[in-house]
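This report refers to the structure that appears directly beneath it.
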2 protein chains.
Amino acid sequence: MSGAGADRVFHALADTTRRDIVALVVQGEHSVSDLARRYPMSFAAVQKHVAVLERAGLVSKHRLGREQRVRGEVGTVREAHRVLDQIEALWQGRLGRIEDLVTSPPIPDSKGDTS
Amino acid sequence: MSGAGADRVFHALADTTRRDIVALVVQGEHSVSDLARRYPMSFAAVQKHVAVLERAGLVSKHRLGREQRVRGEVGTVREAHRVLDQIEALWQGRLGRIEDLVTSPPIPDSKGDTS
DNA sequence: CCTTTCTACAACCATACGGTTGTACGTTAG
DNA sequence: CTAACGTACAACCGTATGGTTGTAGAAAGG
């Protein structure tokens, strides 16, 4: 995940209601109206929040009868995790140079920095 | 950090330019115009991005002569990290402890029993 | 002095966001 | 069939966002 994908994930997480929904549905599935009953806003508003989370890949939906069960996708949470890890890795290597961590450039690149 | 604080941090991270700025300034300080030269937008636009990051606590500024050096605040990155950790912890514990939480799971038997 | 550089901030604009209400459709219950 | 429930989506509204340009001040250099 990078670029627009990370944009979508972090934007989806930048709302207390949406973070709360994710925290709920990673513990177990809930229908959309089940979620809507928990928040002081209209059903359509909660529906939009779920749609934002779904576009970001943080939740998925699947029909069960006339309900739509929402499930949390913890893998996408971990991808956001990884983006923050990269930043922290840059911070740790700020005095020397960037080590061969899980960051994007897998090329050893024998460039000979000070020669 | 919670609520509005987390909102601000995740919103600040929900932009590729801003994440890139954070990745730069955690490695070392940069002046605002130094940053502005790196992106295909106006100085004022970059200035606004830095302001968003500063309000979120992801960077700090301090004057050095006529320049304003921007420094990354990795502690705030770690706080965002922690929010994601909490969500993942909920996911890991989803099967074990369904006992005393406020999750209000639908009672499997006697559906009309709820008073 | 005057000029340049770096910064700050206001005004403006197009678009997106977060919320609302209303309408419509499929599914289950009577 | 009819009614109720769960969902989906469109239209609308106020505000925020991300960008622009322009103006203005403070610090360094000629």
Side-chain angles (χ1 to χ4, degrees), chain A residues 3-22 24-25 28-56 58-71, chain B residues 3-22 24-25 28-71 104-106 108 110-114:
Chain A
D7 286 10
R8 259 176 261 126
V9 171
F10 284 113
H11 169 253
L13 292 171
D15 182 283
T16 304
T17 301
R18 287 197 291 260
R19 282 195 307 277
D20 197 64
I21 290 176
V22 173
L24 275 170
V25 299
E29 299 186 348
H30 294 249
S31 71
V32 179
S33 33
D34 195 9
L35 294 171
R37 274 179 227 110
R38 295 177 156 266
Y39 303 101
M41 64 187 72
S42 67
F43 173 84
V46 174
Q47 206 177 357
K48 281 191 184 182
H49 282 309
V50 172
V52 169
L53 291 168
E54 193 182 15
R55 261 176 257 126
L58 284 162
V59 307
S60 62
K61 294 189 296 187
H62 68 278
R63 283 186 216 80
L64 186 70
R66 61 180 169 182
E67 290 185 351
Q68 191 87 262
R69 314 300 300 280
V70 182
R71 163 187 3 212
Chain B
D7 285 11
R8 259 176 262 124
V9 171
F10 283 113
H11 168 253
L13 292 171
D15 182 283
T16 305
T17 301
R18 287 198 290 261
R19 282 195 308 277
D20 197 62
I21 289 176
V22 173
L24 274 170
V25 297
E29 299 187 348
H30 291 66
S31 73
V32 180
S33 34
D34 195 7
L35 294 170
R37 274 180 229 109
R38 296 178 157 265
Y39 303 101
M41 64 186 72
S42 67
F43 174 84
V46 174
Q47 206 178 353
K48 282 191 185 182
H49 282 309
V50 172
V52 170
L53 292 168
E54 193 182 15
R55 260 176 259 126
L58 284 162
V59 307
S60 62
K61 293 189 298 189
H62 69 278
R63 282 186 215 82
L64 187 69
R66 61 179 169 183
E67 291 185 352
Q68 192 87 261
R69 314 301 300 282
V70 182
R71 159 185 8 207
S104 72
S110 66
K111 62 180 78 171
D113 182 64
T114 58

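Since the structure is predicted, the reported quantities are computational estimates derived from the model, not experimental observations. Order of the sequence lines fixes the chain letters, A, B, ..., with proteins taken first and strands second; residue numbering starts at 1 for each chain.
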Inset, instruction - Return no unless some side-chain N or O of Ser33(B) is found under 4.0 Å from OP1 or OP2 of dT7(C). - result: yes

Inset, instruction - May I ask you to evaluate whether Ser31(B) reaches the phosphate of dC6(C), defined as a side-chain N or O under 4.0 Å from OP1 or OP2? - result: no

Inset, instruction - Taking only the side-chain heavy atoms of Phe43(A) (C-beta and beyond), determine which of dT7(D), dT20(D), dC6(C) contains the nearest atom. - result: dT7(D)

Inset, instruction - Would you mind telling me which residue lines up with the more 5' stretch of DNA chain C, Gln68(B) or Val52(A), judged by nearest nucleotide? - result: Gln68(B)

Legend entry - Phosphate OP1/OP2 of dT7(C) contacted by His62(B) side-chain N/O (<4.0 Å): no

Legend entry - Sidechain-backbone polar pair: Arg19(A) side chain, Leu13(A) backbone, donor-acceptor under 3.5 Å: yes

Legend entry - Student check: side-chain heavy atoms of Arg71(A) and Arg69(A) closer than 4.5 Å: no

Inset, instruction - Compare side-chain N and O positions of Arg18(B) against OP1 and OP2 of dG18(D) and report whether any pair is under 4.0 Å apart. - result: yes

Legend entry - From CZ (Arg37(A)) to NE2 (His30(A)), nearest 0.5 Å: 11.5 Å

Inset, instruction - Take atom CG of Asp7(B) and atom P of dA16(D), then tell me their distance rounded to the nearest Å. - result: 14 Å

Legend entry - Nearest listed nucleotide, side chain of Ser42(A), among dG18(D), dT21(C), dG18(C): dT21(C)

Inset, instruction - Please report, rounded to the nearest Å, how far the C1' atom of dC25(C) is from the CD atom of Glu67(A). - result: 17 Å

Inset, instruction - Verify, without hydrogens or angle tests, whether Gln68(A) (side chain) and Arg63(A) (backbone) share a donor-acceptor contact under 3.5 angstrom. - result: yes

Inset, instruction - Return the 5'-most residue of the pair Ala45(A), Ala44(B) with respect to DNA chain C, ranking by each residue's nearest nucleotide. - result: Ala44(B)

Inset, instruction - Report the distance from atom CD of Glu54(B) to atom P of dT7(C), rounded to the nearest whole Å. - result: 13 Å

Legend entry - Arg37(A) vs dG6(D): side-chain N/O to OP1/OP2 distance below 4.0 Å: yes

Legend entry - Atom pair distance, as rounded to whole Å: CG in Asp15(B) and C1' in dG18(D): 8 Å

Inset, instruction - Provide, to the nearest angstrom, the distance between the NE2 atom belonging to His11(A) and the P atom belonging to dA16(D). - result: 14 Å

Legend entry - Residue Lys61(A), side-chain atoms from C-beta onward, closest of dT7(C), dA8(D), dT7(D): dA8(D)

Legend entry - Whole-Å gap separating P (dA8(C)) and CZ (Arg55(B)): 13 Å

Inset, instruction - Specify the separation, in whole Å, of atom CZ of Arg8(B) and atom C1' of dT17(D). - result: 16 Å

Inset, instruction - Check whether any side-chain N or O of Glu54(A) sits under 3.5 Å from a backbone N or O of Ser60(A) as a donor-acceptor pair, and report yes or no. - result: no

Legend entry - Under-4.0 Å side-chain N/O to phosphate OP1/OP2 contact, His49(B) with dT17(D): no

Inset, instruction - Nearest whole angstrom, please: distance from the P of dA27(D) to the CZ of Arg66(B). - result: 11 Å

Inset, instruction - Can you figure out which of dT7(D), dC6(C), dT27(C) approaches the side chain of Gln47(A) most closely? - result: dT7(D)

